[in-house]
Amino acid sequence: MPFSFLCIATYFKGNEFLKSCKEAGNTVYLLTEKKLEHKPWLRSHIDELFFVETPDQGVLDLNETAKGLAYVLRSRKIDRIVALDDFDVEKGAFFRETFRLPGMGQTVARYFRDKLAMRMKAAEAGLRVPTFSALFNDAEVNAFADSVTFPVVVKPRGEASTAGIRKVWNKDELWQVIHSLGDRRYEFLVEQFKPGHVYHVDALTYQGKVLFNWVSQYLSTPMEVAHGGGVFRSVTTPFGSAEERALRTFNEKLLTAFGLEYSASHSEFIQCHEDGEFYFLETASRVGGAHLAEMVEAASGINLWREWARIETATVEGTPYELPEPKPAYSGIIISLAREQWPDLSEYVAPEIGWRMQEEYHVGLIVQSENRDRILELLDQYTTKIYAEVHASAPVRDTPSH
């Protein structure tokens, strides 16, 4: 019996999910932004597209969108809703609740979208998080400011990646930032800034069990890149290392505490320089961005988008899911803005290069090897070369770009 999936992607991503979902015998519908209509979606694997228009700098009216979806449901059956991007998690949860469809509801979805909710839930579960505070109550903010060592960061609760984050250096500056938020201050939180090594764990969960749990380390974090105009880099963590074992365990405890039943996920942790301990930073119930899925596949042989689609299909069918056997190797990724529309990469010829980014005004490479030191050597070599020849930087955005 075929099943029908409504996939929501209001950024251009997830083609591999759509392809795998369709090849599994499902009917695949895609809900996306009208302005993305002409992106290279795999239309051969999409049965029907539906479009929404979000106002510039605005928020999609979910109640109005639900009316349109209700009309669609008069003649089409939908069995599952899948949100392919961070900003679609809330939409998916709202529509599941509205139309009483199985899957992640609004309460659980908050743990994967609302940075305050996820910190409170992690702390409640006894997991280590940096000291934080909501901005609801003046006395609580003052108590936080008087108890921590500055700097601290003010973060939007609902943005993705590093968008809208501001670092502040003393209590007076903190209050200036809070006052500047006006009546939107409840949409933000404040957190102690802990310098350290930042890691990401990319996982696949089925029937509440983490089946795939891949640990990598940012060599330059998204925040450093966004706020310092640098070059983004990440590399597989040494296999069998103490940090790999600790972070796999931490991530399993986190996803279990958050109630994730089946999905891909991308979680970030920091190993604090001051005490050497790991702290939870944030998580998301989707495949990691910035082409980290391609980097993980280069290292493990596991395509996160494809396996996520297989997990969703197995769940709706009530059939077993079996993860393919990973084939561990090391990989690293490097991405930068470029000064030219299509930079010349003819001199980037190392045999370890397995992927090249095809996007205007960007340069990006993934390298793969059995030898982690060789990966680090290549990343260092190409970082120097990119800075010297093609690198460009852009102003920090308040919101992510499409």
Side-chain angles (χ1 to χ4, degrees), residues 86 89 104 107-135 144 147-149 151-165 167 188-205 208-210 212-219 221-224 226 234 237 241-261 263-290 292 296 304:
D86 249 7
V89 169
M104 184 185 294
T107 296
V108 174
R110 283 269 184 173
Y111 303 145
F112 293 92
R113 273 292 292 146
D114 181 341
K115 290 182 171 65
L116 178 60
M118 66 179 69
R119 279 156 180 74
M120 294 178 69
K121 186 65 174 178
E124 176 188 303
L127 302 175
R128 193 178 288 107
V129 295
T131 304
F132 68 94
S133 175
L135 300 184
F144 166 85
S147 68
V148 301
T149 302
V152 300
V153 285
V154 177
K155 296 182 175 184
R157 292 168 57 183
E159 292 292 355
S161 186
T162 62
I165 295 177
K167 186 186 290 187
F188 292 74
L189 64 92
V190 62
E191 176 178 84
Q192 186 173 18
F193 179 73
K194 285 189 171 292
H197 300 302
V198 181
Y199 296 80
H200 56 99
V201 184
D202 297 277
L204 294 166
T205 299
K209 182 179 180 181
V210 179
F212 180 78
N213 213 11
W214 199 262
V215 183
S216 310
Q217 181 184 348
Y218 292 120
L219 300 179
T221 68
M223 184 171 179
E224 289 169 345
S234 181
T237 301
S241 62
E243 57 264 43
E244 185 199 44
R245 293 194 302 270
L247 286 168
R248 283 185 171 183
T249 299
F250 201 151
N251 195 51
E252 287 176 3
K253 290 180 178 178
L254 178 83
L255 298 178
T256 298
F258 282 21
L260 189 66
E261 286 296 319
S263 182
S265 62
H266 173 82
S267 306
E268 297 185 351
F269 305 87
I270 187 165
Q271 186 176 29
C272 179
H273 288 327
E274 185 179 14
D275 59 16
E277 299 287 356
F278 288 103
Y279 292 79
F280 167 63
L281 290 180
E282 58 187 68
T283 190
S285 57
R286 44 82 178 169
V287 171
L292 292 176
V296 170
L304 294 168

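For the numbers below, each heavy atom of this structure counts, side chains included, while hydrogens, waters and symmetry mates do not.
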If we only count heavy atoms from C-beta on, is the [X] to [Y] side-chain gap below 4.5 Å?
X	Y	answer
Lys209	Glu252	no
Val89	Ser285	yes
Ser133	Leu189	no
Met118	Phe112	no
Lys115	Phe188	no
Thr283	Phe258	yes
Leu304	Phe212	yes
Leu247	Phe278	yes

Parallel, tilted or perpendicular: which fits the ring planes of His197 and Tyr199, with parallel below 30° and perpendicular above 60°?
perpendicular
Hey, is the main chain of [Y] close enough, under 3.5 Å, to the side chain of [X] for a donor-acceptor pair?
X	Y	answer
Gln271	Gly276	yes
Thr205	Gly208	no
Arg113	Ala109	no
Arg119	Leu281	yes

Lys167 to Phe193 six-membered ring, cation-pi geometry met (6.0 Å, 45°):
yes
Between [atom1] of [X] and [atom2] of [Y], what distance do you get to the nearest 0.5 Å?
X	Y	atom1	atom2	result
Asn213	Asp202	CG	CG	9.5 Å
Lys194	Thr149	NZ	OG1	8.5 Å
Glu277	Ile270	CD	CD1	13.0 Å

Partners meeting side chain to side chain contact (heavy atoms under 4.5 Å, CB included) with Lys253 (sequence neighbours left out):
Leu127, Thr249
For Ser265, enumerate each residue passing the side chain to side chain contact (heavy atoms under 4.5 Å, CB included) test, keeping only those at least two apart in sequence or located in another chain.
Ala203, Leu255, Leu260
Sequence-distant partners of Thr237, side-chain hydrogen bond (donor to acceptor under 3.5 Å, both in side chains), two or more places apart:
none
With sequence neighbours excluded, tell me which residues meet ring-ring contact (aromatic ring centres under 6.0 Å, His included) with [X].
X	answer
Phe250	Phe269
Phe132	none
His200	Tyr218, His266

